[in-house]
S.K.: 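Questions regarding the structure given below will be posed in turn.
When a ligand or atom number is given, it counts from 1 through the structure's own listing order.
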Amino acid sequence: MTVSADAPIGVFDSGVGGLSVLRHIRALLPHEHLLYFADSAFAPYGDKTEQAVAERSLAIAGFLVARGAKALVVACNTATVAAIRLLREHFPDMPIVGVEPGLKPGAAASRNGKVGVLATDRTLAGEKFLLLREQISAASGAQFLLQGCTGLADQIELGELDSDATAAMLRRYIVPLLDQGADTLVLGCTHYPLVQAAIERIVAQATPNEVVLVDTGEAVARQLARLLEAAQCARRGAAGRLQGYTSASGTALEVAFANLLGLAVPVQEVEIGSKLTDPA
Ligand code: DGL
């Protein structure tokens, strides 16, 4: 089956976090048409069961494929851990890129082998993540200090990137990692690069040492570009269009596009069933 290069790429997250990945995709692949789905009515994914996250992911992927997507980007670490295998089973011919906490680049960047990992509790408990940690630990000798960040994605969904409450929460999660000697922090949730400026301020207040922050958004965009080339369906020519979808407020997602990416993007509110098998 030949896939039209003009078909869009479907990108999704539990909410606005995936915009931290979308900005790299737009920068690297400006000709591609993009569909972005924010599942904000079900955010955060980080405190849901693995099965609930997998079901939402399958339903959203089904929606995006029905809208003609030629490739999928799971712009969410939590959904990747919970659902990437299932997604590849359901859509075996489709290029699918997931996001994993950057343990490998984190280990490579660290000078003392102590790497803090900030992620959702669901990601850190996932079998796929534990396996990755074991592999990278064994290969690099790095020690990973794991920190689940309950409530942080909610703050970011609320648009509280700079509030005192968000800063206090970040301090509570980050300072203990620095106290244990971490010289590298992996941003293992796509929401967290959106508060990178606040994280940098807190790190600078807490330690005079240089601390490297690892975000995998750009690597995800590069992997997507490779898969599109391999499938011979990369789009060339005029600039691509971007369409937003959300399971919650359309206005909220429009505001997020404007504030986080400086873009005016049309957004449609949609209701989708939890499972592909749902009649809805
Ligand atoms: N942005 C997501 C991630 O990368 C999920 C955050 C959440 O919904 O808890 O893990």
Side-chain angles (χ1 to χ4, degrees), residues 10-25 36-61 72-84 87 96-103 105-106 116-130 132-133 146-161 166 169-170 173 185-196 199 213-221 223-224 244-249 252-253 256-257 260-261 274:
V11 181
F12 73 92
D13 176 51
S14 64
V16 301
L19 297 185
S20 75
V21 178
L22 191 78
R23 65 186 171 195
H24 290 290
I25 296 174
Y36 183 84
F37 193 107
D39 198 16
S40 296
F42 287 79
Y45 281 177
D47 64 4
K48 306 286 182 302
T49 64
E50 188 151 302
Q51 194 188 339
V53 175
E55 284 172 1
R56 287 306 297 169
S57 301
L58 280 175
I60 294 164
L72 292 172
V73 178
V74 186
C76 175
N77 294 261
T78 312
T80 299
V81 162
I84 196 96
L87 289 170
I96 302 180
V97 184
V99 184
E100 280 182 334
L103 300 191
V117 183
L118 303 166
T120 69
D121 298 305
R122 167 65 36 231
T123 294
L124 297 179
E127 206 180 308
K128 195 171 177 351
F129 173 78
L130 295 172
L132 178 72
R133 182 179 74 156
L146 309 186
Q147 179 63 62
C149 300
T150 310
L152 184 53
D154 304 77
Q155 288 295 108
I156 296 163
E157 282 294 305
L158 291 170
E160 291 208 19
L161 308 186
T166 302
M169 192 180 268
L170 284 170
Y173 292 139
L185 295 177
V186 172
L187 307 182
C189 167
T190 53
H191 280 73
Y192 304 166
L194 303 176
V195 287
Q196 179 154 344
I199 294 175
L213 302 183
V214 177
D215 164 17
T216 52
E218 201 186 328
V220 168
Q223 173 66 358
L224 174 64
Y245 299 97
T246 176
S247 54
S249 150
L253 184 58
F257 273 121
L260 299 171
L261 302 186
S274 264

S.K.: With sequence neighbours left out, what residues match E157 under salt bridge (charged side-chain N to carboxylate O under 4.0 Å, His left out)?
M.R.: none
S.K.: For Y245, enumerate each residue passing the ring pair (Phe, Tyr, Trp, His ring centres under 6.0 Å) test, keeping only those at least two apart in sequence or located in another chain.
M.R.: F63
S.K.: Quick one: list whatever passes salt bridge (charged side-chain N to carboxylate O under 4.0 Å, His left out) with K48, sequence neighbours left out.
M.R.: none
S.K.: I need the single residue from T78, D39, D13 that forms a side chain to side chain donor-acceptor pair (under 3.5 Å) with Y45. Which is it?
M.R.: D39
S.K.: Working to the nearest 0.5 Å, report the span between CG of L146 and OG1 of T123.
M.R.: 11.0 Å
S.K.: Do we see a donor-acceptor contact under 3.5 Å between the side chains of N77 and T120?
M.R.: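 No.
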S.K.: I'd like the contact residues of ligand 1, where contact means a heavy atom below 4.0 Å.
M.R.: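 For ligand 1, the residues that come within the 4.0 Å heavy-atom cutoff are D13, S14, P44, Y45, G46, C76, N77, T78, T120, A153, C189, T190, H191.
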